[in-house]
Amino acid sequence: MDQQFKHGMLPKTTHDEEARQNFIMSLEAYIGHQIAPGLRQVYEQQIRPSFEQEYQRPPKDRYEVRAWMQSNRYYRWWSALRRTTQEAMWETVKGSVKRQLTALAAQAKKVDQRLGSLTLRPNFVVPAYQTAVDIHCMPGGYHSDLAVDDVTAGAIYDRGVYLYFQGQMGPLNDGLGKALIDNYLKPTYPTWKPRRILDLGCSVGHSTLPYVDAYPEAEVYAIDIGAAMLRYAHARAETLGKRVHFSQQNAERTNFEEGYFDLIVSHIFLHELPLFAIRKVMQECKRLLTPGGCMVHLEAHLFRHMDPFRAFLYDWETANNNEPFWSAMRDLDLKEIAAAAGFPSEQIMETFIPAELQSAHPSLQSRGQGFEARHTWFVLAAHS
């Protein structure tokens, strides 16, 4: 498996920190590859037959599966291991970042805007639905800005995402952006040259930077709500020699001019939003697109794409892993929401694309649940 690319902003690890983080990665792989597959066996051999004997039918949805699975000792052990490992992952990354935070902040401040730009808003108000919980158990969530010139959130996220996905998104964690470009945009529009591209909810720019290479003549913009996340994103992009214009904005309503972008993208972003915000984001995409422009959102599968057991496993993220909108979003009709935002119904489509996971080691090829095990992403696209 490739190691994470050690760019100029990536937190450095001591021998002991590296050992702890490698252990966490290996433990997550073991849970996913060796323990998680047993959940399906428990369900098919114990839970489902008992349910069918009592009700004379199979479980109809994830709620009925959960009602019978949640008291099962094997499931409870797997769930406890996943949550504990998740917390341990963030803790070891947080400790490493804290040790060198002053140096990281200084490094980010030294980076000039020789390529792209960074625009922060001192009075920006982070939406309450983001501050209510630490999303995905990440300490401080994605939004926290703890001090002047803070880069904590970005530094924790950059390393944490690599460990969480066990390197499957590649040395630069850019597998989502590359998958959307290589497996949807380029094959669908081989000669298209968008002038301006916007990435919504960019975090540290993992998925943003591939657009710089794929469309070298385009102006690439990226927005997020977290100042510390964006400081890190800008410094990271500059260090990697990529021109991106980062700005602190709420995707529900931006300060860009109407019709400013030819292409608007997002990468596993919609599931971080409540329904009202998703509707506003779709409306804003419609406002921002040029006539004939394209909106493309990459996500994991929706519940209607799954059998009840798989939906139950997906639902674990909301029930146990601080993803409050994960499940609600997967129950939505996104085509209907896009149509309500003004996109012509005949110009809205849904499809699946290969995920192109990059792990070389067989023990790291599946976490045993959700989209990683299926190796495909769900895509919603619409033309203005």
Side-chain angles (χ1 to χ4, degrees), residues 61-63 65-66 79 82-83 86-87 90 124-144 153 156-157 160-161 164-165 176 180 199-204 206-207 223-226 229 248-254 264-285 295-306 308 310-341 350 367 369-372 374 377-380 382:
D61 56 32
R62 65 186 189 272
Y63 302 110
V65 175
R66 179 192 291 174
S79 181
R82 279 207 68 200
R83 175 63 187 241
Q86 177 87 349
E87 293 178 356
W90 290 123
F124 182 82
V125 177
V126 176
Y129 58 77
Q130 287 293 311
T131 61
V133 297
D134 286 353
I135 299 295
H136 223 297
C137 300
M138 177 175 155
Y142 302 161
H143 66 277
S144 294
I156 291 176
Y157 186 80
V161 165
Y164 176 77
F165 283 111
L176 301 181
L180 191 54
D199 184 17
L200 306 175
C202 66
S203 63
V204 301
H206 288 152
S207 299
I223 64 172
D224 204 279
I225 59 171
M229 193 75 81
Q248 187 179 22
Q249 302 201 52
N250 187 333
E252 296 175 42
R253 184 68 181 184
T254 70
I264 300 176
V265 296
S266 77
H267 311 82
I268 55 172
F269 167 64
L270 295 180
H271 76 258
E272 307 290 5
L273 307 174
L275 173 58
F276 77 85
I278 292 175
R279 292 191 181 279
K280 288 183 178 180
V281 167
M282 295 284 190
Q283 293 166 2
E284 181 66 353
C285 287
M295 167 187 79
V296 189
H297 301 284
L298 178 149
E299 267 290 348
H301 294 192
L302 306 183
F303 282 136
R304 58 186 166 84
H305 305 139
M306 311 176 196
R310 186 167 173 241
F312 154 72
L313 287 185
Y314 248 74
D315 202 29
W316 185 90
E317 297 289 346
T318 289
N320 300 287
N321 205 30
N322 283 25
E323 286 281 11
F325 312 114
W326 173 278
S327 292
M329 174 262 163
R330 301 193 190 291
D331 272 328
L332 298 177
D333 183 342
L334 294 176
K335 291 181 71 174
E336 181 279 327
I337 294 175
E350 296 177 341
R367 292 170 62 87
Q369 72 282 334
F371 58 88
E372 299 91 343
R374 292 291 292 269
W377 298 107
F378 167 73
V379 170
L380 172 79

**OP:** First locate atom CE of M306, then atom CG of D61, and finally report the distance between them rounded to the nearest 0.5 Å.
**Re:** 13.5 Å
**OP:** Ignoring hydrogens and angles, tell me if any N or O in the side chain of E350 forms a donor-acceptor pair with the backbone of L380 under 3.5 Å.
**Re:** no
Original post:
Could you give the distance from CD (E272) to CG (L200), rounded to the nearest 0.5 Å?
Top reply: 13.0 Å
Subject >> Residue list, side-chain hydrogen bond (donor to acceptor under 3.5 Å, both in side chains) with H267, at least two apart or on another chain >> reply: D199, Y211
Original post:
Is there a donor-acceptor pair under 3.5 Å between the side chain of W90 and the backbone N or O of I156?
Top reply: no
Subject >> Side-chain donor/acceptor of E87 to backbone N/O of C137, under 3.5 Å >> reply: no
Subject >> Flag side-chain contact, heavy atom, 4.5 Å: T131 against S144 >> reply: no
Subject >> Check: S327 main-chain N/O paired with T318 side-chain donor or acceptor under 3.5 Å >> reply: yes
**OP:** Please state whether the rings of Y157 and H206 are parallel, tilted or perpendicular, taking 30° and 60° as the class boundaries.
**Re:** parallel
Subject >> Nearest-0.5 Å distance that lies between atom CD1 in I135 and atom NE2 in H271 >> reply: 8.0 Å
Subject >> Listed once per pair and sorted, the salt bridge (Lys or Arg N to Asp or Glu O under 4.0 Å) pairs that draw on residues 130-141, sequence neighbours left out >> reply: none
Original post:
Do H136 and Y164 have their ring centres less than 6.0 Å from each other?
Top reply: yes
Original post:
Under 4.5 Å between any side-chain heavy atoms of H143 and D224, yes or no?
Top reply: no
